[in-house]
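Encoded as structure tokens, the structure appears first; notes follow it.
Reckoned from all heavy atoms, side chains included, excluding hydrogens, waters and symmetry mates.
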Amino acid sequence: MMKTYHSIFRECMVVQSWSRRHAKGCVLSSPLSSKWNCKMVMVRCQSTEIPRDDRTYYITTPIFYVNASPHIGHLYSAVTADYLHRYKLLRGFKTRFATGTDEHGLKIQQAADAASQDPQSFCTEVSQRFKHLFQSCNISYTDYIRTTELRHRCAVEHFWTVLQSKGFIYKGNYEGWYSTQDESFLTLSQVGDAKDSSGKAVKISLESGHKVEWMKEDNYMFRLSEFQSQLRDWLEGNPRAVQPERFHRIVLQWLQEDLPDFSVSRQTKRLWWGIPVPGDPDQIIYVWLDALVNYLTVAGYPDKHSQWWSSVHHVVGKDILKFHAIYWPAFLLAANLPLPQTIHVHSHWTVGGKKMSKSLGNVVDPLERSQRFTTDGMRYFLLRQGVPDTDCDYDDDKVVKLLNAELTDSLGGLLNRCTATSLNPTQVYPYFCINSFPTRCAGGQEGRAAAEDYHMLDSVYALPAVVEQHYESMHVYKALEAISGCVRQTNGFVQRHTPWKLNRADSEDQKWLETILHVSLECLRIYGTLLQPIVPEIADKLLSRLGVKQDEKSWAALDFLAKYQGKQCPFEGRTLARDLQTSGVCSVTSLLKVDTIILSDFIL
């Protein structure tokens with residue numbers, strides 16, 4: 001019977017959204033019996049668990065257009081997807097992470113001509129710049145896809161053939177506005193009047209500001225209009241399908257307007273750099289249809305994609321939201337394939353409040369900045385300052401101030417203090433004394449902990465759940481804000497009790513000193529573990545300094561302050577790792593440099 005349910009889901013993917021309005025009106029056609037319609041499946045499945053591998057996770061960035069070198073926005077997309085990939089690995093998921101380059105289209109053809117190169121050589125050169133940037137910035141992708149690869153061409157040709165065989169692609173005539181810069185067809189309501197640099201009146205895209213031209217040609221058309229109600233049902237039944245909520249609302253507003261059929265090919269005499277339409281060499285497949293299929297290509301389409309495709313999540317910039325939240329789901333519905341689990345949308349980075357552009361000379365080179373501020377420094381800044389539903393402004397001074405305040409002085413200072421030989425001459429993980437720091441329910445037992453110390457413990461105990469919530473919703477800045485707040489509390493805890501003033505010759509003072517250090521190192525262990533998806537190098541060196549083994553760095557191994565809970569602590573008495581700086585190994589200090597000036601020693 002469960003196989004029957006799955007066959008119905010394959011016949012109508014929209015039922016996965018649990019949309020009652022759709023279910024009431026949909027009866028699936030032969031070969032299924034009329035009683036097996038979406039409404040029946042919905043009712044039955046409300047009390048029946050459909051088995052699926054909930055520990056599989058597939059995350060993608062958009063593939064980046066190779067008409068120009070990468071900028072800070074590209075790195076932000078990649079770092080965002082990378083933290084999600086690393087976070088899921090930390091939680092024990094089997095994950096796949098895809099990125100790559102989009103290498104077809106008129107813009108590439110023109111850019112290669114301008115550079116006096118053949119398109120393939122031009123694409124290879126620019127794609128390598130993206131790959132070098134991502135490798136330099138510790139982007140841990142599992143797949144790097146180029147749309148000029150043979151495997152991708154095969155996937156696109158198969159996908160086209162499926163859509164055409166189902167009657168969703170037909171030969172027609174397109175007449176309307178087209179933006180070469182955006183590789184996008186536009187309706188009359190999306191076009192406005194403007195003047196170019198010479199004062200000449202031109203038509204532009206109201207969304208991007210790029211110039212548009214009137215185009216009239218015989219092309220292949222996609223029946224987008226047939227999917228408007230299904231797309232609306234999907235979004236209304238899945239409030240988290242597009243995140244943040246602001247962008248979900250925007251897509252629903254778009255779906256209130258008519259969705260006309262649109263062209264999915266260009267004539268070869270206008271555009272030849274792309275994948276030819278199967279069976280019609282005079283037409284080239286529309287670059288966006290070609291590009292979007294890359295997500296399926298990586299998953300193994302058309303033969304081996306089912307394991308990964310059921311758990312796909314996309315990270316995209318807001319400028320390509322319509323392609324991913326309307327066109328792409330419509331294509332998938334037409335091909336009878338599951339829709340994405342979530343489309344995570346982020347906003348743009350500006351400089352001085354203005355969009356980055358070559359003409360303004362304000363494009364931020366991400367590779368140069370990651371070398372100046374370190375890889376982890378740039379990762380932390382982008383994820384700490386980036387707000388998904390609001391444009392963010394980049395400034396070098398802000399980078400320095402943030403890294404100094406939160407990574408170097410606060411987190412680095414805490415680690416330095418608590419592992420210094422002056423406080424911990426034996427260089428072991430100190431022992432916790434429950435008499436010095438009794439639990440609240442200890443029946444009036446007096447210890448040396450203050451009320452603020454218990455508040456700190458409450459905050460750190462709650463921290464993993466808070467971070468999990470914000471990591472899952474892509475509000476990373478809130479997660480890092482919470483971690484930073486706890487780090488400040490822990491610094492306050494150490495400062496409040498001044499362990500350097502305690503008398504080591506007094507046994508009670510010695511126990512209290514060790515307890516202060518034990519609690520502080522436990523806090524640092526939690527912070528280091530939670531920060532692994534964000535600053536992997538710093539987090540790894542921090543945890544290694546504390547003597548934490550590789551199999552103890554997972555989310556499941558957090559277990560904060562076990563001795564306080566009456567359990568055994570595996571770290572007590574364990575020798576701390578050697579001071580990496582004095583042992584001649586690259587230390588965390590070298591990970592935090594600005595303009596060749598070391599911000600602060602991260603590990604003494």
Side-chain angles (χ1 to χ4, degrees), residues 60-82 98-141 143-149 152 179-184 208-211 273-274 287-288 290-291 294 315-320 346-352 354-375 377-379 381-382 386 391-396 399:
T60 73
T61 69
I63 50 173
F64 303 106
Y65 216 43
V66 295
N67 62 316
S69 295
H71 56 66
I72 201 77
H74 297 131
L75 180 58
Y76 181 53
S77 291
V79 168
T80 298
D82 184 71
T99 189
T101 46
D102 179 3
E103 303 183 11
H104 289 140
L106 188 57
K107 276 197 297 185
I108 305 301
Q109 187 175 302
Q110 293 173 343
D113 286 343
S116 299
Q117 289 181 271
D118 67 274
Q120 184 65 60
S121 299
F122 178 82
C123 290
T124 298
E125 180 181 311
V126 181
S127 181
Q128 191 57 41
R129 292 178 207 160
F130 279 91
K131 201 168 190 176
H132 177 62
L133 171 67
F134 296 157
Q135 291 173 343
S136 299
C137 293
N138 215 352
I139 305 301
S140 57
Y141 58 81
D143 296 87
Y144 189 91
I145 177 76
R146 296 179 59 187
T147 56
T148 49
E149 294 178 38
H152 179 66
S179 167
T180 300
Q181 190 71 13
D182 302 322
E183 298 281 15
S184 177
S208 68
H210 294 141
K211 184 180 176 181
W273 181 243
V287 64
W288 268 105
D290 167 359
N294 93 87
V315 170
V316 303
K318 67 177 184 179
D319 56 321
I320 54 175
H346 66 73
S347 294
H348 293 162
W349 282 87
T350 59
V351 176
K354 296 179 180 179
K355 185 177 179 180
M356 284 183 278
S357 71
K358 288 183 180 178
S359 59
L360 292 175
N362 64 348
V363 176
V364 178
D365 181 348
L367 185 60
E368 186 275 329
R369 291 312 196 280
S370 67
Q371 291 169 345
R372 186 195 303 183
F373 301 129
T374 76
T375 293
M378 276 308 295
R379 290 174 62 101
F381 175 79
L382 291 174
D391 286 350
C392 308
D393 203 57
Y394 179 88
D395 180 79
D396 286 340
V399 179

Set out, in order, the CA-CA distance, both residues' side-chain angles and the distance that settles side-chain contact (heavy atoms from CB on, under 4.5 Å) for R372 and D396, then state yes or no.
CA-CA 10 Å; R372 186 195 303 183; D396 286 340; 3.3 Å; yes
Is there a side-chain contact (heavy atoms from CB on, under 4.5 Å) between M356 and L360 once you walk through the steps?
CA-CA 7 Å; M356 284 183 278; L360 292 175; over 6 Å; no
Determine, step by step, whether S116 and F122 satisfy the side-chain contact (heavy atoms from CB on, under 4.5 Å) criterion, reporting the C-alpha distance in whole Å, the side-chain angles of both residues, the deciding distance to 0.1 Å, and the verdict.
CA-CA 9 Å; S116 299; F122 178 82; over 6 Å; no
Does the pair L75 and C137 meet the rule for a side-chain contact (heavy atoms from CB on, under 4.5 Å), with working shown?
CA-CA 8 Å; L75 180 58; C137 293; 3.8 Å; yes
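For the pair D82 (side chain) and I139 (backbone), a donor-acceptor distance under 3.5 Å is absent. A donor-acceptor pair is defined here as one N or O able to donate and one able to accept, closer than 3.5 Å; such a pair exists between the side chain of Y65 and the backbone of H104. Side-chain N or O atoms of H74 include one that pairs as donor or acceptor with a backbone N or O of H71 at under 3.5 Å.
Side-chain atoms of D391 and H348 include no donor-acceptor pair closer than 3.5 Å. Between the side chains of T80 and H346, no donor-acceptor pair is found at a separation under 3.5 Å. Using modelled atom types and a 3.5 Å distance limit, the side chains of T124 and R146 yield a donor-acceptor pair. With hydrogens and angles left out, the side-chain atoms of E103 and T147 include no donor and acceptor closer than 3.5 Å.
Rounding to the nearest 0.5 Å places CG of D102 at 8.0 Å from CG of N294. A distance of 11.5 Å separates OG in S69 from NE2 in H132, rounded to the nearest 0.5 Å. Atom-to-atom distance recorded for I72:CD1 and T350:OG1 is 12.0 Å, nearest 0.5 angstrom. Summarising the geometry, atom CD belonging to Q109 is positioned 13.0 Å from atom CG belonging to N67; distances are rounded to the nearest 0.5 Å. Rounding to the nearest 0.5 Å places OG of S140 at 12.0 Å from CD of Q135.
Residues D393 and G352 come closest through the heavy atom pair OD1-N, 3.1 Å. Listed here is the closest heavy atom pair of I320 and P62: CD1-CB, 3.7 Å. The two residues T101 and S127 make their nearest non-hydrogen contact at OG1-OG, 2.9 Å. Taking every heavy atom of both residues into account, T61 and A81 meet most closely at CG2-CB, 3.6 Å. Contact between Y76 and L382 at its shortest, heavy atoms only, is CE1-O, 3.5 Å. Nearest heavy-atom pair across N362 and K355 is ND2-O, 3.3 Å.
At a threshold of 4.5 Å between non-hydrogen side-chain atoms, the residues Y141 and K131 count as touching. Contact check for I63 versus T99: no side-chain heavy atoms found under the 4.5 Å cut-off. Residues I108 and V66 meet the side-chain proximity criterion, which asks for heavy atoms closer than 4.5 Å. In this structure the side chain of L106 reaches within 4.5 angstrom of the side chain of Q110, judged on heavy atoms. By the 4.5 Å heavy-atom criterion applied to side chains, Q371 and L367 are counted as neighbours. The side-chain heavy atoms of F381 and R369, taken from C-beta on, include no pair separated by under 4.5 Å.
The neighbour count for K211 NZ, taken as heavy atoms of other residues, nucleotides or ligands under 6.0 Å away, does not exceed 12.
Aromatic ring centres of Y144 and F130 lie farther apart than the 6.0 Å criterion allows. The aromatic ring centroids of F134 and F64 lie less than 6.0 Å from each other.
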